[in-house]
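Shown next, in structure tokens, is the structure this report addresses.
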Amino acid sequence: MSLTGSLQIEDDLMSDTLAVHMENITKTFGKVYANKDVSLELRQGEILALLGENGSGKTSLVNMLSGIYFPDSGEIFVQGKKVTIRSPRDAYGLGIGMIHQHFKLVDVFTAAENIVLGQPGALAMSKRHIESRVAELAGRYGFEIDPAKPVYEMSVSEKQTTEIIKILYRGADILILDEPTAVLTPHETDKLFAVMRNMKADGKSIIIITHKLGEVLAVSDRTHVLRKGECVATVNTAETGKAQLTEMMVGRPVSLHIERPHTAKNDERLRVVDLTCCNKDGLKTLDKVSFTAYGGEILGIAGIAGSGQKELCEAIAGLYPAIGGAVLMRGQWEGEAVMEPVLGLGPDVISKKGISMAFVPEDRLGMGLVAAMNITDNVMLRSYKNSKSPLVDRKTPRVLAEHLIEQLAIVAPGPGAIVGRLSGGNVQKVLIGREIAQEPTVLIVAYPVRGLDINSSYKIYDLLNEQKKKGVAVVFIGEDLDVLLELSDRLLVLSSGRVSGIVDPRTVTKEEVGMMMVLDVVDPSNVSSEPPPEQLQMDLSLQDVEMGASAGGGSASADLFLRDAEAGGKAQ
């Protein structure tokens with residue numbers, strides 16, 4: 001028999017060997033079934049995609065495999081042997097490792113130090129020996145990593161690579177990746193998939209949880225679909241498509257087209273000029289960022305993680321300090337429409353100026369909502385100061401909470417449901433619904449569909465389009481380039497805290513945007529000029545802001561950004 005023939009037989013045998021068999025697994029939390037009689041098979045040397053809506057039981061299922069949860073009933077077999085997994089240590093002992101969305105690394109340690117941390121004999125090994133072993137393991141699967149690089153200097157992709165190598169170093173043959181591409185560029189995603197295929201060729205078995213159907217089709221061999229805690233189907237990925245997978249997840253046909261309704265371009269609602277921010281270490285997180293947002297449009301903002309997106313939206317909302325530049329929003333001054341300087345002003349002060357702005361932060365349960373409070377109380381956080389009575393009005397927020405639950409299909413027992421106990425998609429619906437209810441003229445949303453299933457995501461897209469039709473200026477910070485290109489009217493690309501260009505999503509390619517996201521130098525030809533300086537000077541003079549004085553509480557002077565506007569080198 002030829003060598004090729006023997007290899008083919010070996011591959012076939014490997015694909016039929018079960019690395020993991022979970023049989024009739026049931027897990028409840030109170031009266032709610034997270035998983036009900038779920039069976040799953042992971043073959044040796046395959047990539048299995050785990051699909052399902054938020055709350056369908058995906059994370060609960062893999063948490064039982066990785067030792068975080070313990071099943072109420074059912075059996076787990078690893079390499080054909082019945083096992084009991086009561087802790088992550090038990091899972092490690094069985095060769096099972098999970099890479100979570102939120103990395104668990106020590107920032108001041110190097111990649112190699114994090115990888116060997118806690119391993120027997122690690123303290124006895126020299127630094128050079130550790131780095132050599134890590135480099136050897138990385139090269140085996142095609143990882144790109146500097147073992148001596150500290151975590152605090154790493155990109156998100158490098159941190160993820162460190163996490164994966166750490167699991168492999170501990171001897172894992174079964175890997176679980178939870179939303180591994182959520183914060184990666186298209187190029188970084190392609191590299192990760194190449195590494196996953198190399199691991200698969202080496203006999204590793206991989207479970208990948210992702211909501212991006214294109215990635216499921218690109219990298220997985222089979223797809224296991226869950227709905228409402230129960231198994232719907234397991235299919236060969238090559239024999240299915242996006243529409244079929246979506247229908248299995250949701251239980252009905254769903255259009256995968258993201259609408260981009262045409263609306264008339266309204267007045268300027270938000271203007272950012274030369275916005276510059278620094279972090280606590282004095283490093284620039286934003287470097288002279290300039291753009292304009294208009295009513296009736298969705299301005300998308302793209303960039304790899306850590307490019308300044310978080311600082312940008314928080315600085316505009318008055319929650320992050322700036323060292324230079326100006327932020328102006330449309331308001332009224334003695335009956336005239338003017339661009340009101342708001343940089344450095346808190347949200348309450350901005351509201352008192354008659355400017356209606358809503359902000360959906362990246363951190364849903366840290367900055368957006370209070371996990372321990374119910375839906376009504378979280379809604380009331382936005383309105384309790386408006387009460388003219390010495391008693392807090394709870395009736396109005398409760399009515400609004402009931403309305404949000406009905407209109408946004410929030411899965412909750414009622415307005416008294418504790419927000420921290422809701423699924424991620426329902427938490428996000430509460431937050432976005434509360435902010436939209438303020439009837440803003442400027443709506444800033446940061447990663448509104450991160451971790452959401454496809455059904456919840458499309459509901460969010462519809463909500464943003466509804467605001468656009470009402471003339472609201474929507475600033476949409478996202479991480480999925482396909483969505484940004486389909487949903488946005490204009491796309492601003494950030495790279496290392498600077499604007500590398502503002503492009504038309506209808507004509508630019510995904511690859512071109514991906515390259516712009518990693519540019520080191522801003523190309524002036526990619527950006528256009530700011531509005532005429534005469535208009536900006538008029539807006540400021542109407543409010544008694546002298547040229548050379550701080551505008552809106554920021555530390556940059558008005559004459560500075562007027563000169564830059566006259567030079568015609570800033571983005572619109």
Side-chain angles (χ1 to χ4, degrees), residues 27-36 50-61 63 69 101-102 178-179 182 209-211 225-230 246 249-252 254 358-382 397-438 443 445-467 476 478-480 483:
K27 180 65 179 177
T28 59
F29 294 95
K31 297 181 179 180
V32 177
Y33 278 95
N35 296 112
K36 185 175 181 181
L50 193 56
L51 272 183
E53 294 186 274
N54 292 109
S56 63
K58 304 184 303 296
T59 303
S60 298
L61 189 63
N63 278 345
Y69 293 160
Q101 290 187 55
H102 304 289
D178 188 9
E179 297 286 349
I209 299 175
T210 178
H211 290 114
V225 185
L226 294 175
R227 188 195 318 144
K228 296 180 180 180
E230 299 185 54
T246 303
M249 287 169 57
V250 180
R252 56 181 173 79
V254 176
F359 174 40
V360 178
E362 176 182 6
D363 187 357
R364 301 168 192 168
L365 292 177
M367 184 180 292
L369 301 170
V370 180
M373 291 168 53
N374 61 36
I375 299 176
T376 297
D377 289 342
N378 272 285
V379 169
M380 192 169 63
L381 289 175
R382 261 297 208 162
R398 182 180 178 85
V399 171
L400 177 56
E402 291 172 345
H403 176 74
L404 294 179
I405 291 172
E406 180 182 354
Q407 294 298 313
L408 303 184
I410 297 172
V411 181
I418 301 300
V419 165
R421 297 176 184 172
L422 303 179
S423 69
N426 290 308
V427 169
Q428 191 70 321
K429 288 178 185 178
V430 171
L431 178 55
I432 291 183
R434 184 192 70 182
E435 294 303 300
I436 288 177
Q438 308 307 311
L443 173 62
V445 291
Y447 309 108
V449 298
R450 175 178 284 173
L452 269 60
D453 60 71
I454 192 165
N455 206 31
S456 297
S457 297
Y458 276 72
K459 182 64 178 178
I460 300 299
Y461 303 148
D462 290 341
L463 290 174
L464 298 182
N465 274 325
E466 287 174 14
Q467 293 303 297
F476 173 52
E479 55 199 359
D480 189 327
V483 171

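Index from 1, following the sequence.
Nearest heavy-atom pair across Ala401 and Ile375 is CB-CG2, 3.8 Å. Here the closest non-hydrogen pair linking Gln467 and Ile436 is NE2-CG2, 3.1 Å. Residues Ile432 and Pro448 come closest through the heavy atom pair CD1-CB, 3.9 Å. Among all heavy-atom pairs drawn from Glu402 and Pro415, the shortest one is CG-CG, 3.7 Å. Considering all non-hydrogen atoms of both residues, Arg364 and Tyr447 come closest at NH2-O, 4.3 Å. The shortest non-hydrogen separation linking Asn426 to Ile410 is OD1-CA, 3.5 Å.
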Indicate every side-chain donor-acceptor pair of residues 367-374 with a distance under 3.5 Å to a residue at least two apart or in another chain.
{"residue": "Asn374", "atom": "OD1", "partner": "Thr376", "partner atom": "N", "Å": "3.2"}
{"residue": "Asn374", "atom": "OD1", "partner": "Asp377", "partner atom": "N", "Å": "2.7"}

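The shortest side-chain heavy-atom distance between Leu408 and Leu463 falls under the 4.5 Å cut-off. Put simply, the side chain of Leu422 does not reach to within 4.5 Å of the side chain of Lys429, judged on heavy atoms. The shortest side-chain heavy-atom distance between Leu381 and Pro397 does not fall under the 4.5 Å cut-off. A 4.5 Å side-chain heavy-atom check between Ile460 and Val445 finds every atom pair outside the cut-off.
Distance check: Leu61 CG to Tyr69 OH gives 12.0 Å after rounding to the nearest 0.5 Å. Rounding to the nearest 0.5 Å places CG of Asp178 at 8.5 Å from NZ of Lys58. Rounding to the nearest 0.5 angstrom, the gap separating the CG atom in Leu443 from the CD atom in Gln438 is 11.0 Å.
For Tyr33, the ring pair (Phe, Tyr, Trp, His ring centres under 6.0 Å) test picks out no residue, with sequence neighbours left out.
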**Request:** Given side chain to side chain contact (heavy atoms under 4.5 Å, CB included), test Val250 with Glu53 step by step and report yes or no.
**Result:** CA-CA 7 Å; Val250 180; Glu53 294 186 274; 4.2 Å; yes

**Message:** Run the side chain to side chain contact (heavy atoms under 4.5 Å, CB included) test on Arg382 and Glu435 for me, step by step, so that the C-alpha distance in whole Å, both residues' side-chain angles and the decisive distance to 0.1 Å come before the verdict.
**Reply:** CA-CA 8 Å; Arg382 261 297 208 162; Glu435 294 303 300; 2.7 Å; yes

